[in-house]
Amino acid sequence: MGGRQLPGLRIGLTGGIGSGKSTVARRFAALGALVVDSDALAQALTAPGGAAIPAIAAAFGVEMIAADGAMDRARMRALVFGQPAQRQRLEAILHPMIGEATRAQASRAGAGQPIVFDVPLLTESGTWRGRVDRILVVDCREATQVARVVQRSGWTADAVERTLAQQASRAQRRAIADAVIYNEALTLEQLEGEVDALWASWATK
Ligand code: ATP
């Protein structure tokens with residue numbers, strides 16, 4: 001790619017489940033970007049010894065903490081499902097911590113190193129527009145999302161469809177995008193080529 005670096009560009013990367021975000025993020029990392037994975041940061045907070053565990057135990061009771069010291073995800077999911085007040089209590093604990101962990105990780109970027117924020121729920125959160133220079137959406141047909149996740153994770157098609165229904169729609173995502181990669185009928189090599197092209201074009205702007 002000629003070694004040309006973007007001038008510290010901040011890219012928000014999003015897309016629905018199974019759209020191909022992680023694959024795109026990995027390509028950006030290979031091109032030299034620092035990738036900040038918000039799902040991984042959130043997971044770490046609620047893993048054994050995670051920074052959010054004491055606050056979750058205090059707010060919801062120690063029964064929400066599994067024997068290994070992680071948040072009991074299944075139990076928490078059952079609690080917050082259909083109970084917005086409980087969900088908000090959990091989010092009030094986690095969101096500021098995720099924000100802090102995101103800033104800490106981004107601060108490790110080298111001078112001029114582009115940062116890619118991989119945020120599955122970027123469209124839903126509404127606070128990202130002002131925090132990044134570009135929003136990139138990875139898009140594909142819903143049937144393709146379902147097929148990919150079933151194949152990758154062994155989920156049932158029903159489970160994937162329920163998750164899809166809770167996420168922003170394709171149209172909502174595209175409405176906030178500066179660029180869209182349409183990851184449909186592309187080989188993985190072609191998908192990487194799309195990322196390379198975008199990288200080259202953003203480097204010159
Ligand atoms: P999730 O939100 O579920 O983490 P994601 O948006 O990060 O998903 P990926 O993990 O990048 O998506 O892709 C989902 C699966 O589909 C992976 O197994 C990936 O290898 C595959 N995949 C994505 N794009 C393509 C493609 N163009 N050709 C073939 N396989 C693909």
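Just follow the structure's listing: the first ligand is 1, and inside any ligand the first atom is 1.
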_Asp178 vs Arg129, salt bridge (Lys or Arg N to Asp or Glu O under 4.0 Å): CA-CA, chis, key distance, verdict_ = CA-CA 11 Å; Asp178 296 298; Arg129 178 72 277 181; 3.1 Å; yes
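A side-chain contact (heavy atoms from CB on, under 4.5 Å) with Val24 is found for one member of Val35, Asn183, Val138 and no other, namely Val138.
Contact between Trp199 and Leu31 at its shortest, heavy atoms only, is CZ2-O, 3.2 Å. Across all their heavy atoms, Ala33 and Gln113 have their closest contact at C-NE2, 3.7 Å.
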Nitrogen or oxygen contacts under 3.5 Å, ligand 1 side and protein side:
unit_1	atom_1	unit_2	atom_2	d
ligand 1	2 (O)	Lys21	NZ	2.7
ligand 1	3 (O)	Gly18	N	3.3
ligand 1	3 (O)	Arg152	NH1	3.2
ligand 1	3 (O)	Arg152	NH2	2.7
ligand 1	6 (O)	Ser19	N	3.2
ligand 1	6 (O)	Ser19	OG	3.3
ligand 1	6 (O)	Gly20	N	2.9
ligand 1	6 (O)	Lys21	N	3.0
ligand 1	6 (O)	Lys21	NZ	2.8
ligand 1	7 (O)	Ser22	N	2.9
ligand 1	7 (O)	Ser22	OG	2.5
ligand 1	8 (O)	Gly18	N	3.1
ligand 1	8 (O)	Arg152	NH1	3.4
ligand 1	10 (O)	Arg152	NH1	3.1
ligand 1	11 (O)	Gly20	O	3.4
ligand 1	11 (O)	Ser22	N	3.4
ligand 1	11 (O)	Thr23	N	2.9
ligand 1	11 (O)	Thr23	OG1	2.5
ligand 1	12 (O)	Gly20	N	3.1
ligand 1	24 (N)	Asn183	ND2	2.9
ligand 1	27 (N)	Asn183	OD1	2.8
ligand 1	27 (N)	Leu186	O	2.8
ligand 1	28 (N)	Leu186	O	3.4

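Between the NZ atom in Lys21 and the CG atom in Asp37 there is a gap of 9.5 Å [rounded to 0.5 Å].
Checked for salt-bridge contact, Arg174 and Asp139 meet the test: a charged N lies under 4.0 Å from a carboxylate O.
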